Student: 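Here's a structure for you.
Keep in mind that what you see is a predicted model, and the values were worked out from it rather than measured.
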Amino acid sequence: AKRREEEEQQRFAAEGEVRKQEEEERQRSAAEAEEAKKREEGEKQRLAVYEDARKRHEEEEVEEQRSAAEAKRREEEEKQRLAAEELARNIQDEEDDRQRSAAEAEEAKKREEEENQRLVAEEQARKMQDEVEDRQRSAAEAEEAKRREEEEEQRLAAEEDARKKEDEERSRSATESEEA
């Protein structure tokens, strides 16, 4: 009975040792599982942080590209606007030059016409003056010719009178001589 009791005790002790080892094994497994779970969680978090950083980096790159594209687009628009303004300015300058040239040509033409009219008027005035002077000279010459003609007629009349008187005087003298 004592031997059986000892065997029973040894069996209990052995079972207790086995249970103890099993419990320790279970706890170790649980601890390892917990550690593995923690490592997995840590890896997940690390991957999540990495993924988050990668996404942020991608988003930043996309934003940078979008900003660069927007800046380039604005720059192109500004270039086009400036080019359009320059073209409009050049067109306006050409139009202003054309209008100025046309105005200058019109002014020159007007001055030329006025000069021509002035010259024509001067020429007409000269002709009229010449005609007046010609008429006055002709009238004066005609007057002078008429005066000379009248003087000649008077001279001839006076000579005729003198001859008549001489003839009368001679006749009277001859008559008186004859009577005497």
Side-chain angles (χ1 to χ4, degrees), residues 41-180:
E41 284 294 324
E43 184 65 14
K44 277 184 183 173
Q45 285 177 358
R46 191 182 67 74
L47 289 172
V49 168
Y50 169 76
E51 182 64 18
D52 196 37
R54 190 185 63 75
K55 279 184 180 174
R56 242 193 340 268
H57 181 66
E58 279 183 0
E59 286 170 359
E60 284 172 1
E61 279 189 346
V62 168
E63 181 61 22
E64 282 176 8
Q65 288 174 357
R66 192 191 64 74
S67 295
E70 178 66 17
K72 189 174 179 184
R73 185 185 63 76
R74 280 199 301 270
E75 187 181 349
E76 282 297 320
E77 285 178 354
E78 182 66 8
K79 277 184 187 172
Q80 288 176 358
R81 186 184 67 76
L82 290 173
E85 283 181 0
E86 182 66 19
L87 181 63
R89 242 195 324 273
N90 289 341
I91 290 171
Q92 187 60 44
D93 288 347
E94 287 174 4
E95 179 62 19
D96 291 347
D97 287 345
R98 192 186 62 72
Q99 288 179 355
R100 189 165 48 250
S101 296
E104 286 172 358
E106 186 65 28
E107 181 63 22
K109 185 178 174 187
K110 195 166 77 174
R111 279 198 303 272
E112 187 181 350
E113 286 176 355
E114 287 173 354
E115 182 65 11
N116 287 340
Q117 288 172 357
R118 187 183 67 77
L119 291 173
V120 166
E122 283 182 1
E123 182 64 22
Q124 285 177 342
R126 244 195 322 274
K127 280 183 181 174
M128 286 168 68
Q129 185 62 31
D130 289 348
E131 287 173 2
V132 167
E133 288 174 358
D134 286 346
R135 278 200 303 275
Q136 287 175 347
R137 190 167 46 251
S138 296
E141 287 172 357
E143 189 67 29
E144 178 65 18
K146 186 177 176 187
R147 187 181 62 73
R148 280 199 302 271
E149 188 180 341
E150 286 175 352
E151 285 177 353
E152 183 68 13
E153 284 175 356
Q154 287 172 2
R155 188 182 64 75
L156 291 173
E159 286 179 358
E160 184 65 25
D161 272 354
R163 257 198 316 276
K164 280 182 181 176
K165 282 178 182 175
E166 272 181 22
D167 288 348
E168 286 174 358
E169 185 63 30
R170 270 199 303 274
S171 291
R172 196 172 54 251
S173 293
T175 301
E176 285 175 357
S177 293
E178 185 68 33
E179 284 177 356

Student: In sequence, state the C-alpha distance, the side-chain angles, and the governing distance for Q45 and E41, and then conclude on side-chain hydrogen bond (donor to acceptor under 3.5 Å, both in side chains).
Tutor: CA-CA 6 Å; Q45 285 177 358; E41 284 294 324; 4.8 Å; no
Student: Of E149, E150, E151, which is the lone residue that meets salt bridge (charged side-chain N to carboxylate O under 4.0 Å, His left out) with R147?
Tutor: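 Of the listed residues E149, E150, E151, the salt bridge (charged side-chain N to carboxylate O under 4.0 Å, His left out) partner of R147 is E151.
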Student: Salt bridge (Lys or Arg N to Asp or Glu O under 4.0 Å) between E113 and K110: does it pass, once the steps are laid out?
Tutor: CA-CA 5 Å; E113 286 176 355; K110 195 166 77 174; over 6 Å; no
Student: Check E76 with K72, please: is the shortest side-chain N to carboxylate O separation under 4.0 Å?
Tutor: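 E76 and K72: not salt-bridged.
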Student: In terms of heavy-atom contacts, does CD of E143 have more than 12 from other residues, nucleotides or ligands at under 6.0 Å?
Tutor: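 Not more than 12 within 6.0 Å, no.
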Student: Is D134 paired with R137 through a side-chain N to carboxylate O contact shorter than 4.0 Å?
Tutor: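 Here R137 pairs with D134 in a salt bridge, since their nearest N and O are under 4.0 Å apart.
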Student: Supply the atom-to-atom distance L156 CG to E153 CD, rounded to the nearest 0.5 angstrom.
Tutor: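 With rounding to 0.5 Å, CG (L156) is 8.0 Å from CD (E153).
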Student: Less than 4.0 Å between a side-chain N and a carboxylate O, is that true for K165 and E169?
Tutor: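 Between K165 and E169 there is no salt bridge, as every charged N stays at least 4.0 Å from the carboxylate O atoms.
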Student: With rounding to the nearest 0.5 angstrom, report the CZ to CG distance, R126 to D130.
Tutor: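 Between R126 CZ and D130 CG, I get 8.0 Å after rounding to 0.5 Å.
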Student: Check this for me, if you would: do E58 and K55 make a salt bridge, where the nitrogen-to-carboxylate-oxygen distance has to be below 4.0 angstrom?
Tutor: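 Salt bridge flag = no for K55 with E58.
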Student: Would you tell me whether Q99 and E95 have side-chain atoms, one donor and one acceptor, within less than 3.5 Å of each other?
Tutor: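 Yes, because at least one side-chain N or O of Q99 sits under 3.5 Å from a partner of the opposite role on E95.
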Student: Just do the side-chain contact (heavy atoms from CB on, under 4.5 Å) check on E112 and N116 with the steps written out, would you?
Tutor: CA-CA 6 Å; E112 187 181 350; N116 287 340; 4.0 Å; yes
Student: Atom CZ of R89 and atom CD1 of I91: how far apart are they, to the nearest 0.5 Å?
Tutor: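 So the CZ of R89 and the CD1 of I91 are separated by 11.5 Å.
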Student: Apply salt bridge (Lys or Arg N to Asp or Glu O under 4.0 Å) to the pair R118 and E122, showing each step before the final yes or no.
Tutor: CA-CA 6 Å; R118 187 183 67 77; E122 283 182 1; 2.3 Å; yes
Student: Can you find a side-chain donor-acceptor pair between D96 and Q92 that sits under 3.5 Å?
Tutor: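 Checked: D96/Q92 side chains pair up, N/O donor to acceptor below 3.5 Å.
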Student: Within the 4.5 Å heavy-atom criterion, are E86 and N90 side-chain neighbours or not?
Tutor: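 Yes, side chains in contact.
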Student: Using a strict threshold of under 4.0 Å (side-chain N to carboxylate O), is an ion pair present between E107 and R111?
Tutor: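 The answer is yes: the pair qualifies as a salt bridge.
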Student: Rounded to the nearest 0.5 Å, how far apart are CZ of R163 and CZ of R170?
Tutor: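 Spacing of CZ (R163) from CZ (R170) equals 10.5 Å.
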Student: Any salt bridge between E59 and R56, counting N to O under 4.0 Å?
Tutor: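 Looking at E59 and R56, the cut-off is not met.
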Student: Can you tell whether the side chains of K164 and D167 come within less than 4.0 Å, N to carboxylate O?
Tutor: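 Not counted as a salt bridge, because no side-chain N and carboxylate O are separated by less than 4.0 Å.
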Student: Would you call R74-E77 a salt bridge at under 4.0 Å N-O?
Tutor: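 Answer for the salt bridge query: no.
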Student: Regarding Q129 and E133, do their side chains bring together a donor and an acceptor under 3.5 Å, going by distance alone?
Tutor: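 There is such a pair (donor and acceptor under 3.5 Å, judged by atom type) between the side chains of Q129 and E133.
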